[in-house]
Amino acid sequence: MSRGALDGIVVVDFSRVLAGPYATMMLGDYGAEVIKVERPGAGDDTRAWGPPYDSEGVATYFNAINRNKRSVSVDLATPAGVEIARE
């Protein structure tokens, strides 16, 4: 596996829709580990923006702009969720 200029850097992505996810996608393209934090039960709004959709029903727009990321669901309205985000 090739290493990028940002290999070893961890980026936590709290953004949604376009500008932020696009920026963090590019950081992932350069090798950063990007962790996308999404709302429980809903996720990023763009998961439903379609058509087109992939075979699992996720909008291909979401897939394209969030490549190279790992998604986690965290409820930032709770103290436990805030603690998870801070970690």
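Index from 1, following the sequence.
Counting only residues at least two apart or in different chains, side-chain hydrogen bond (donor to acceptor under 3.5 Å, both in side chains) contacts with residues 16-35 comprise D13-T24, R16-D45, T24-K69, D29-R67, D29-N68, E33-R70.
Listed here is the closest heavy atom pair of G81 and V74: O-CG1, 3.3 Å. When all heavy atoms are compared, the tightest approach of G20 to S15 is C-OG, 3.1 Å.
Follow the hydrophobic side-chain contacts under 4.5 Å out from M25 and you never reach I9; the two are in separate clusters. Hydrophobic clustering (ILVMFWY, side-chain heavy atoms < 4.5 Å, transitive): V34 and V12 are in distinct clusters.
Qualifying side-chain contact (heavy atoms from CB on, under 4.5 Å) partners for T78, counting only residues two or more places apart in sequence or in other chains: D75, A80. Legend: residues meeting side-chain contact (heavy atoms from CB on, under 4.5 Å) with A85, ordered by chain and number and at least two apart, are F14, L76. Partners of S71 by side-chain hydrogen bond (donor to acceptor under 3.5 Å, both in side chains), not counting sequence neighbours, listed by chain and number: E38.
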Listing, residues 55-64 side-chain donor-acceptor contacts under 3.5 Å, not counting sequence neighbours, or none:
from	atom 1	to	atom 2	distance (Å)
T60	OG1	P52	O	3.3
Y61	OH	V17	O	3.3
N63	ND2	D54	OD2	2.9

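A distance of 9.5 Å separates NZ of K36 from CD1 of I65, quoted to the nearest 0.5 Å.
A donor-acceptor pair under 3.5 Å is absent between the side-chain atoms of Y53 and the main chain of R47, judged by distance alone.
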